[in-house]
Amino acid sequence: MAAPLLEKLSESLGSPEPAVRLILSVLIGYVFALVYRWFLFYQPATVIHLFHICSGLSLAAFNFGSQLYHSATCVFVQFLMLRLMGRTVTAVLSSFTFQMLYLLSGYYYTATEEYDIKWTMPHCVLTLKLVGLAFDFYDGGKEPSNLNPEQKKGALASVPTLLEVFGFSYFYGGFLVGPQFTLRSYQSLVARELTDCPGKPPNSVIPALKRFALGFLCLAIYAIFSPSYPDNYFLTDEYEAQPFWYRCVFILLWGKVMLYKYVSCWVIAEGVCILAGLGYNGVVDGEHQWDACANMRVWLFETTPLFGGTIASFNINTNSWAARHVFKRLKFLGNKTLSHVATLFFLTIWHGLHSGYILCFSMEFFIITVERQAQALVRDSPLLTKLANSHLYPLIYVVQQFIHWLFMGYPLVPFCLFTYDKWLKVYSSIYFCERPEREKAKLKPGSEPWKRSV
């Protein structure tokens, strides 16, 4: 009965059925969060774990059918490694190796030349959760004096139970599209500690609705404008026949619209976490904060004129995970640049095996490197610094925003088109001109990259 209804709904919306199933699943998370608040908040931990497991498995079955066994297998194997190997480097390395190889094998055997919603999509989120769990369990065996503040916050003092690991992995607010959170945070949620009213459900309905409304607005923007900027238009003769300026501006508008696909899902999912209480982040300046699970800083994303600002506002939890568990743990290399490259390489293969990912993250490295060098040059110039703070700043800001988004779309082309024959065709159509022009623009006073710090 459900399949024909979903087929009709997807046809009426003009969206693929897997995409409709995904967004419905994210929205159903609000229902699960309400059930938890109204009926289960005061129940024993075992009951809450079972609810989270069953709700998460139901979402997995709704989207991927019998292929949910992939996630269940990896969660169970991870639990066994924690139990049998203990707090050892061997356990961490074994966890990292097994989970990443399983994910990469999934990419290899299910890969196509199109963006597909299949079991590997939530599995990449799960992989980071389980590898992070191994690190946190290992950190729990160290002396607190040997841990940095982030490690202390996530370190596990005791061995988690099977129900805890499965409940943490299948929590409906983060199973499909994220965000990342630690087992310690999940344990605090189950223990009724993540609330602004001790012993009572949190007053998080309004904050959750605000994120839902913002996410829905982003989803509406994507639904309205994405049909006008399809990925496959890049590969048509019509695109190649357009004037050069049109092809470049199309990349700008396409990149901006395309990113709303991710923004909407993450912001709506954040609302689910806030409603359940997982988004509670303590008190700052007398106000309760609900941004513990924020994966987007939407205002920064929309207003920053810097590439570094966009990266800092986008997919925050994944970037934080990579910084905490990869970049900072490579401190022994004694070279920040090498650690940065290694972290970006990890993120590349974590996203998939297509050449487009390699090119995209390589460009990210060079973009950020050039931007930082340009900022350092401008900071040393009193004249340019004065210009940046003059009455001309609004005009400079508009110009910089145009340049920023014009060339932000450039590395997104291979990220979304995947294979080299496709992204090479697009780059050839604009004569590979945007990369050097971008770097020239960054060194012009009018590009004004020094107004904000990365």
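If you read the sequence from its start, that first residue is 1, and numbering goes on from there. What you are looking at is a predicted structure, and each value in this text was computed from that prediction instead of being measured.
By the 4.5 Å heavy-atom criterion applied to side chains, Glu364 and Ile367 are not counted as neighbours. Here the side chains of Leu252 and Phe402 are in contact, with some heavy-atom distance below 4.5 Å. Counting heavy atoms from C-beta outward, Leu278 and Ser185 have side chains that approach closer than 4.5 Å. Residues Met100 and Ile349 meet the side-chain proximity criterion, which asks for heavy atoms closer than 4.5 Å.
Here the shortest heavy-atom pairing between Ala72 and Phe166 reads O-CZ, 3.9 Å. Residues Ser71 and Leu126 approach most closely at CB-CD2, 3.6 Å, considering heavy atoms. The minimum heavy-atom distance between Ala276 and Phe171, with the atom names listed, is CB-CZ, 4.0 Å. For Ile274 against Ala208, the heavy-atom pair with the smallest separation is CG2-N, 3.7 Å. Of all the heavy atoms in Tyr239 and Phe234, the pair that sits closest is CD2-O, 3.5 Å. The two residues Gly215 and Val267 have their closest heavy-atom pair at N-CG1, 3.6 Å.
Ion pairing between Glu114 and Lys422 holds under the 4.0 Å rule for side-chain N and carboxylate O. With salt bridges taken as basic N to acidic carboxylate O contacts below 4.0 Å, none links Lys210 and Glu270. Salt-bridge annotation for Asp139 and Arg329: present, with a side-chain N of the basic residue lying under 4.0 Å from a carboxylate O of the acidic one.
Applying the side chain to side chain contact (heavy atoms under 4.5 Å, CB included) rule to Tyr246 yields the partners Tyr233, Gln242, Pro243, Phe250; only residues at least two apart in sequence or on another chain are considered. Looking at residues two or more places apart in sequence or on another chain, you find a side chain to side chain donor-acceptor pair (under 3.5 Å) between Asp291 and Asn281. Under the salt bridge (charged side-chain N to carboxylate O under 4.0 Å, His left out) criterion, Lys328 pairs with Glu150, sequence neighbours left out.
Partner of Phe32 under the ring pair (Phe, Tyr, Trp, His ring centres under 6.0 Å) criterion, out of Tyr172, Tyr170, Phe175: Tyr172 alone. Applying the ring pair (Phe, Tyr, Trp, His ring centres under 6.0 Å) test between His123 and each of Trp350, Phe64, Tyr102 identifies Tyr102 as the sole match.
With hydrogens and angles left out, the side-chain atoms of Asn317 and Ser320 include no donor and acceptor closer than 3.5 Å. Counting only N and O atoms by type, the side chains of Thr310 and His404 include a donor and acceptor under 3.5 Å apart. In summary, the side chains of Asn63 and Ser25 do present a donor paired with an acceptor at a separation below 3.5 Å, with no hydrogens or angles considered.
The number of heavy-atom neighbours closer than 6.0 Å to NZ of Lys142, taken from other residues, nucleotides and ligands shown, is above 12. Applying the 6.0 Å contact sphere to CZ of Arg297 captures no more than 12 heavy atoms from other residues, nucleotides or ligands. Other residues, nucleotides and ligands contribute at most 12 non-hydrogen atoms within 6.0 Å of the OH atom of Tyr420. Within a 6.0 Å sphere centred on CZ of Phe225, other residues, nucleotides and ligands contribute 12 heavy atoms or fewer. Few gaps surround OH on Tyr262; more than 12 heavy atoms of other groups in view lie less than 6.0 Å from it.
Aromatic pair His52/Tyr186: centroids less than 6.0 angstrom apart. For Phe418 and Trp423, the ring centers sit 6.0 Å or farther from each other. Close placement of the Phe181 and Phe168 rings is indicated, their centers lying within 6.0 Å of each other. Phe96 has its ring centre less than 6.0 Å from the ring centre of Phe346. Checked against the 6.0 Å centroid threshold, Phe361 and His351 count as a close aromatic pair. Aromatic ring centres of Tyr427 and Tyr410: separated by under 6.0 Å.
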Derivation of the side-chain contact (heavy atoms from CB on, under 4.5 Å) call for Glu164 and Gln187:
CA-CA 8 Å; Glu164 282 181 321; Gln187 289 173 333; 3.3 Å; yes
Test side-chain contact (heavy atoms from CB on, under 4.5 Å) on Leu353 and Tyr108 and set out the steps.
CA-CA 7 Å; Leu353 301 175; Tyr108 179 80; 4.0 Å; yes
Going through the checks in order, is the side-chain contact (heavy atoms from CB on, under 4.5 Å) test met by Asn148 and Lys152?
CA-CA 6 Å; Asn148 62 41; Lys152 289 179 181 178; over 6 Å; no
Could you go through the side-chain contact (heavy atoms from CB on, under 4.5 Å) check for Gln78 and Leu133 one step at a time?
CA-CA 9 Å; Gln78 183 64 51; Leu133 173 60; 4.2 Å; yes
Go through the steps to decide whether Trp290 and Asp196 satisfy the test side-chain hydrogen bond (donor to acceptor under 3.5 Å, both in side chains), and finish with yes or no.
CA-CA 10 Å; Trp290 302 97; Asp196 57 336; 5.5 Å; no
Salt bridge (charged side-chain N to carboxylate O under 4.0 Å, His left out) between Glu240 and Lys425, intermediate numbers included
CA-CA 9 Å; Glu240 287 201 48; Lys425 178 180 175 66; 2.5 Å; yes
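To the nearest 0.5 Å, atoms CD (Gln400) and CG (Leu406) are separated by 13.0 Å. Taken from OG in Ser105 to NE2 in His70, the straight-line distance is 10.5 Å, to the nearest 0.5 Å. Here Leu333 contributes atom CG and Ser339 contributes atom OG; the two are 4.5 Å apart, rounded to the nearest 0.5 Å. Atom OG of Ser188 sits about 4.5 Å away from atom CD of Glu193, to the nearest 0.5 Å. Separation of atoms CG (Asp231) and OG (Ser226) is listed at 9.5 Å; rounding is to 0.5 Å. Atom CE of Met81 and atom SG of Cys74 lie 8.5 Å apart (nearest 0.5 Å).
Lys256 forms a cation-pi arrangement with Phe301, by the criterion of a distance under 6.0 Å to the ring centre and an angle within 45° of the ring axis.
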